[in-house]
Amino acid sequence: MIISSALDYREAARRKIPPFLFHYIDGGAGSEMTLRANISDLAAIPVRQRALRGAAEIRLSTQWFGQQSALPLILGPVGLAGMFARRGEVQLARAATASKIPFVQSTVSVCSIDEVAATCPHSLWFQLYVLKDRGFMRDVLERARGAGVTTLVFTVDLPTPGPRYRDAHSGMSGPYASLRRLFQALTRPGWAYDVGVMGRPHDLGNISAYMGRRIGLEDYIGWLTANMDPAISWPDLEWIRDFWKGPMIVKGILDPEDARDALRFGADGIVVSNHGGRQLDGAISTARALPEIARAVGDGVVLFADSGVRSGLDVLRMLALGAKGVLLGRAAAYALAARGRPGVENMLSILANEMRVSMTLTGVASIGEIDESILALTDIGK
Ligand SMILES: Cc1cc2nc3c(=O)[nH]c(=O)nc-3n(C[C@H](O)[C@H](O)[C@H](O)COP(=O)(O)O)c2cc1C
């Protein structure tokens with residue numbers, strides 16, 4: 001099929017991978033109001049078209065915590081990526097390295113940190129969930145440090161998994177799930193050979209390494225549910241701040257008060273995010289939440305954002321609303337599922353080209369120049 005936009009990879013992924021995996025990527029919590037609002041609120045923000053601003057050379061590079069990035073983009077953490085494509089996390093890390101941007105490896109990745117770091121030592125970030133098993137948290141942080149991870153992304157919006165209706169219907173969970181997954185795999189022979197056969201082992205590499213036994217896909221939801229810790233609050237986490245000496249980013253902030261708490265906790269960065277609409281259905285979209293949080297934290301932390309970004313123009317909008325960098329979730333997951341590492345690199349170059357065009361037409365030549373003055377302000381930006 002012809003791919004001309006990042007969103008084309010969604011359809012390409014749908015054709016390539018079994019439905020239970022496609023819906024796991026594509027779906028959100030509850031009736032998916034927040035998932036839809038992330039996309040529609042962001043896309044509805046009008047930008048100011050300017051004329052003859054003389055932006056001959058557009059520069060897309062930026063830096064955070066002294067680390068250079070060729071684009072204001074980060075491949076965000078996506079659990080189970082190693083099921084979307086063969087050893088998917090390694091492919092994502094390689095695509096990020098080739099594109100000179102960071103990759104954030106999820107706690108619940110198929111490949112272990114060591115497997116990813118060995119193939120791709122450049123600018124590896126690691127995402128950690130808040131878990132009941134503090135022994136696991138400490139073990140995985142030590143592994144991350146030992147593997148050369150530069151930056152920790154600490155996700156705080158999953159004290160309990162959001163209800164994902166689609167997963168029960170698709171076979172990701174629900175009755176006869178493994179049988180349904182097996183039948184679906186037979187309808188996608190390319191994926192079945194490439195990932196199902198050649199992409200083994202299919203376990204959660206970081207967790208298996210700690211437990212000393214295989215934690216497979218069938219244990220995934222159970223392990224996640226049993227290990228999330230809804231009782232936790234900021235003071236319980238101080239040991240992590242003490243332990244991790246490098247930059248630490250708190251991911252999953254949607255409220256200005258929580259942003260101030262994260263600041264007091266010692267976060268170097270915050271990701272304004274509702275987990276791509278996968279947690280609290282009815283939560284505010286990131287585009288709406290971002291400006292107020294930007295005002296609340298000022299220059300005290302590096303502000304990142306995600307949820308709903310599907311084009312280079314969307315990236316520009318997030319930057320104009322106050323973010324200094326943007327994480328990609330589904331945009332990268334679709335591209336990986338559809339075409340592996342080359343797909344992810346191509347998707348990134350599509351976004352980069354769209355950014356160049358949008359910056360030219362809004363009259364800005366570098367990432368540092370982007371602010372709310374490029375928006376034709378609506379109530380979202382106020
Ligand atoms: C399939 C999938 C798995 C995800 N797994 C994780 C994860 O393991 N850790 C995490 O912090 N966020 C996870 N997220 C959330 C993303 O990092 C990101 O916040 C979200 O996808 C952004 O929204 P977008 O997909 O609309 O870009 C996941 C998202 C998706 C789509």
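Order of listing sets the numbers, starting from 1, for every ligand and every atom in it. Quick note: residue numbers are just sequence positions, from 1.
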J.: Any nitrogen or oxygen of Tyr129, main chain or side chain, under 3.5 Å from a nitrogen or oxygen of ligand 1?
T.: yes
J.: Does Ser366 form a side chain to side chain donor-acceptor pair (under 3.5 Å) with Glu369? I'd like the steps, not just the answer.
T.: CA-CA 6 Å; Ser366 68; Glu369 287 173 49; 3.2 Å; yes
J.: Can Gly308 be said to touch ligand 1, with heavy atoms closer than 4.0 Å?
T.: yes
J.: Is it true that the NZ or CZ of Arg143 lies under 6.0 Å from the centre of Phe126's six-membered ring and within 45 degrees of the ring axis?
T.: no
J.: Test your reading of the structure: does Phe84 have an N or O sitting under 3.5 Å from an N or O of ligand 1?
T.: no
J.: Just heavy atoms, cut-off under 4.0 Å: does Gln127 contact ligand 1 by side chain, backbone, both, or neither?
T.: side chain
J.: Run the side-chain contact (heavy atoms from CB on, under 4.5 Å) test on Met228 and Val130 for me, step by step, so that the C-alpha distance in whole Å, both residues' side-chain angles and the decisive distance to 0.1 Å come before the verdict.
T.: CA-CA 7 Å; Met228 291 303 157; Val130 180; over 6 Å; no
J.: Can you confirm whether Pro102 sits close enough to Ser69 that some side-chain heavy atom of one is under 4.5 Å from a side-chain heavy atom of the other?
T.: yes
J.: Using a heavy-atom cut-off of under 4.0 Å, does the side chain or the backbone of Thr155 touch ligand 1, or both, or neither?
T.: side chain
J.: Apply the test salt bridge (Lys or Arg N to Asp or Glu O under 4.0 Å) to residues Arg138 and Glu142: give CA-CA distance (whole Å), side-chain angles for both, the deciding distance (0.1 Å), then the verdict.
T.: CA-CA 6 Å; Arg138 199 173 278 276; Glu142 268 160 16; 5.3 Å; no
J.: Would you mind listing which atoms of ligand 1 come within a distance below 4.0 Å of any non-hydrogen atom of Gly79?
T.: 3 (C), 4 (C), 5 (N), 6 (C), 7 (C), 8 (O)
J.: When you look at Lys16 and Phe22, which way does the side-chain contact (heavy atoms from CB on, under 4.5 Å) test go after all the steps?
T.: CA-CA 9 Å; Lys16 179 82 182 286; Phe22 174 76; over 6 Å; no
J.: Check the pair Leu35, Asn274 against side-chain contact (heavy atoms from CB on, under 4.5 Å), reporting the backbone distance first and the verdict last.
T.: CA-CA 9 Å; Leu35 166 58; Asn274 53 34; over 6 Å; no
J.: In this structure, are over 12 heavy atoms from other groups packed under 6.0 Å from Tyr193 atom OH?
T.: no
J.: Considering non-hydrogen atoms of the protein only, which is the closest contact for atom 8 (O) of ligand 1, and what is the distance?
T.: Ser106 OG, 2.7 Å
J.: To check your reading of the model: name the closest protein heavy atom to atom 18 (C) of ligand 1, its residue, and the distance in Å.
T.: Asp306 OD2, 3.2 Å
J.: Between Ala331 and ligand 1, is there a nitrogen or oxygen pair with a distance under 3.5 Å?
T.: no
J.: Please work out, at 4.0 Å between heavy atoms, whether the side chain, the backbone, both, or neither of Ser307 comes within that distance of ligand 1.
T.: both
J.: Identify the protein heavy atom lying closest to atom 31 (C) of ligand 1, giving its residue, its atom name and the separation to 0.1 Å.
T.: Arg278 NH1, 3.4 Å
J.: Please confirm whether Val108 comes under 4.0 Å of ligand 1, counting heavy atoms of the residue only.
T.: yes
J.: Can you tell me if NE2 on His169 sees more than 12 non-hydrogen neighbours from other groups inside 6.0 Å?
T.: no
J.: Can you list the ligand 1 atoms lying under 4.0 Å from a non-hydrogen atom of Ser273?
T.: 19 (O)
J.: Quick one: which ligand 1 atoms are inside 4.0 Å of a heavy atom on Lys251?
T.: 10 (C), 11 (O), 12 (N), 15 (C), 16 (C), 17 (O), 18 (C), 19 (O)
J.: Report the member of Gly329, Gly276, Pro77, Gly28 with the shortest heavy-atom distance to atom 28 (C) of ligand 1.
T.: Pro77
J.: Counting from 1, what ligand 1 atoms have a heavy atom of Arg310 closer than 4.0 Å?
T.: 24 (P), 26 (O), 27 (O)
J.: Taking the six-membered ring for Trp, are His275 and Tyr129 parallel (under 30°), tilted (30 to 60°) or perpendicular (over 60°)?
T.: parallel
J.: Between His23 and ligand 1, find which residue part has any heavy-atom pair under 4.0 Å and reply side chain, backbone, both or neither.
T.: neither
J.: Are the aromatic ring centres of Phe84 and Trp191 under 6.0 angstrom apart?
T.: no
J.: Is it true that Ile25 lies under 4.0 Å from ligand 1, counting heavy atoms only?
T.: yes
J.: Please check: side-chain N/O of Arg48 versus main-chain N/O of Ile374, any donor-acceptor pairing under 3.5 Å?
T.: no
J.: Tell me whether Thr107 has any N or O atom under 3.5 angstrom from an N or O of ligand 1.
T.: no
